[in-house]
Amino acid sequence: MALTTDELRGLLEATWKSRERELTCDELLDVMAELAEARAAGVALPAELKPFVEHHLALCPSCAEELEALVAALAP
Amino acid sequence: MPRGNGDWLVAVRAQEPQALEELRAVLRAGLRRGLSRQSVSEAQLDDFAQDALLEVMASVDRFRGASAFSTWALSIALRTAFDELRKARWKDVSLEQVLERPDPPPHDDALTRARALELLRDAIATELTAHQRETLVAVLKLEEAGMPIGEIAARLHTNRNALYKLTHDARLRLKAALIARGITAADVGWE
């Protein structure tokens, strides 16, 4: 089963942007409540967490969808 | 008066019936707001809240206290609910249907990018284990078709976290191989 050029292009981007340390989906879930409360309050994420979170959310539409739903649930 | 985090923790760990009923109501209300863009029935909300309550009780020791307990519990509830919704959405689609789709016509690539793509194709063949290669290719094709990672993991008889780790390890191997073959940020077009 061979990859198409478009699939290879997506993999090339994800590969090039890969980091030694990345958050997994479970690790993202561990901080998701904190992230949602910060977003709902318009507060910046802690600097040590921000790049890891943004990297995972860019790669994982499922986690991004869950975070968006949680932020929506917190809205007044 | 709303319960504080400490109060929730004690009550949930002790499985106090009144507290669990309050938590179920909190989760149901939060699920309704969080899933407002989804098509979800009242009966489904009941089921999701019940499943989430059990999941929260089982995971309570993972709560770190960095947020309100109710927000944390709702994060668990939403993952549980989305897992079910995604599973239902894809239940009539087989892996074969997705993996055997005809390939769309490729976009044109600049020469340097084309070289990087060719080296990546070679690295996939030579640098990954057979299991990494087969899984990574299947994940890429299924994600391209829009299948969520949790559903892909279930079809491949693993879980979402393990699947993320496997693809992460594979990406790191491929990146090292590309760098060893002289590929730079300028070649791929991303810093």
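Letters A, B, ... mirror the listed sequences (proteins, then strands); counts begin at 1. Predicted model, so just to flag it, every value in this text is computed and none were measured.
- R39(A) CZ: 12 or fewer foreign heavy atoms inside a 6.0 Å radius.
- Comment: R171(B) does not engage E20(A) in a salt bridge, judged by the lack of any side-chain N to carboxylate O separation of less than 4.0 angstrom.
- The greatest number of non-hydrogen atom pairs below 4.5 Å with chain B, out of C25(A), P61(A), A72(A), is found for C25(A).
- Using a 4.5 Å cut-off between heavy atoms, I124(B) contacts chain A through its side chain alone, with no backbone atom that close.
- When L35(A), L67(A), L28(A), L59(A) are compared by the number of non-hydrogen pairs under 4.5 Å with chain B, L59(A) comes out ahead.
- One hydrophobic cluster holds both W90(B) and I152(B) under the rule that ILVMFWY side chains link at heavy-atom gaps under 4.5 Å.
- Checked by atom type and distance alone, the side chain of D26(A) never pairs as donor or acceptor with a backbone atom of N161(B) at under 3.5 Å.
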Could you check W72(B) against M32(A) for side chain to side chain contact (heavy atoms under 4.5 Å, CB included), going step by step and ending with a plain yes or no? CA-CA 8 Å; W72(B) 173 80; M32(A) 192 175 285; over 6 Å; no
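- Looking at heavy atoms from C-beta onward, L12(A) lies in side-chain contact with L178(B) at the 4.5 angstrom threshold.
- Linking Ile, Leu, Val, Met, Phe, Trp and Tyr residues whenever their side-chain heavy atoms come within less than 4.5 Å leaves L140(B) and L166(B) in two separate clusters.
- The distance from atom CG of L172(B) to atom OG1 of T15(A), rounded to the nearest 0.5 Å, is 9.0 Å.
- Of the possible donor and acceptor atoms, one in the side chain of E37(A) sits under 3.5 Å from a partner among the backbone N and O of A68(B).
- Side-chain atoms of R86(B) come within 3.5 Å of backbone atoms of S62(A) as a donor-acceptor pair (strictly under, hydrogens ignored).
- In this structure, CG on L174(B) lies 6.0 Å from CG on L11(A), to the nearest 0.5 angstrom.
- Using a distance-only test at 3.5 Å, with no hydrogens or angles considered, no donor-acceptor pair links the side chain of K165(B) to the main chain of T24(A).
- Distance check, rounded to the nearest 0.5 Å: OG1 of T71(B) to CG of L70(A) gives 6.5 Å.
- Using a distance-only test at 3.5 Å, with no hydrogens or angles considered, a donor-acceptor pair links the side chain of K175(B) to the main chain of W16(A).
- Only the side chain of R37(B) comes within contact range of chain A, with heavy atoms under 4.5 Å apart.
- Judged purely by distance below 3.5 Å, without hydrogens or angles, the side chains of E34(A) and S67(B) never pair a donor atom with an acceptor atom.
- Under the 4.5 Å side-chain heavy-atom criterion for grouping Ile, Leu, Val, Met, Phe, Trp and Tyr, L128(B) is connected to L156(B) within one hydrophobic cluster.
- The greatest number of non-hydrogen atom pairs below 4.5 Å with chain B, out of A69(A), A75(A), C63(A), A38(A), is found for A69(A).
- Residues R173(B) and S18(A) form no side-chain contact, since every pair of their non-hydrogen atoms from C-beta on lies 4.5 Å or further apart.
- R33(B) contributes a side-chain N or O that, together with a main-chain N or O of A73(A), makes up a donor-acceptor pair within less than 3.5 Å.
- Only the side chain of C60(A) comes within contact range of chain B, with heavy atoms under 4.5 Å apart.
- Interface remark: of the candidates L119(B), L99(B), L35(B), D83(B), L99(B) forms the most heavy-atom pairs closer than 4.5 Å to chain A.
- Interface remark: V71(A) contributes no atoms to any contact with chain B (heavy atom separation under 4.5 Å).
- In terms of modelled atom types and a separation under 3.5 Å, the side chain of H168(B) and the main chain of R19(A) share a donor-acceptor contact.
- Here CD of E144(B) is found 6.5 Å from CG of D6(A). Values are rounded to the nearest 0.5 Å.
- At a threshold of 4.0 Å, the pair D30(A)-R64(B) does not count as salt-bridged, since none of the basic side-chain nitrogens sits closer than that to a carboxylate oxygen.
- Contact tally against chain A (heavy-atom pairs below 4.5 Å) for R79(B), Q38(B), R62(B): the top residue is R79(B).
- With rounding to the nearest 0.5 Å, the separation of CD in E7(A) from CG in L136(B) is 10.5 Å.
- Under a hydrophobic clustering in which Ile, Leu, Val, Met, Phe, Trp and Tyr are joined whenever their side-chain heavy atoms come within less than 4.5 Å, directly or via other members, F52(A) and V31(A) fall into the same cluster.
- Using a 4.5 Å cut-off between heavy atoms, E65(A) touches chain B through backbone and side chain atoms alike.
- Counting heavy atoms from C-beta outward, L8(A) and E118(B) have side chains that stay 4.5 Å or more apart.
- Using a 4.5 Å cut-off between side-chain heavy atoms of Ile, Leu, Val, Met, Phe, Trp and Tyr, with links allowed through other members, I149(B) and L29(A) fall into different hydrophobic clusters.
- The distance from atom CG of L74(A) to atom CG of L74(B), rounded to the nearest 0.5 Å, is 6.5 Å.
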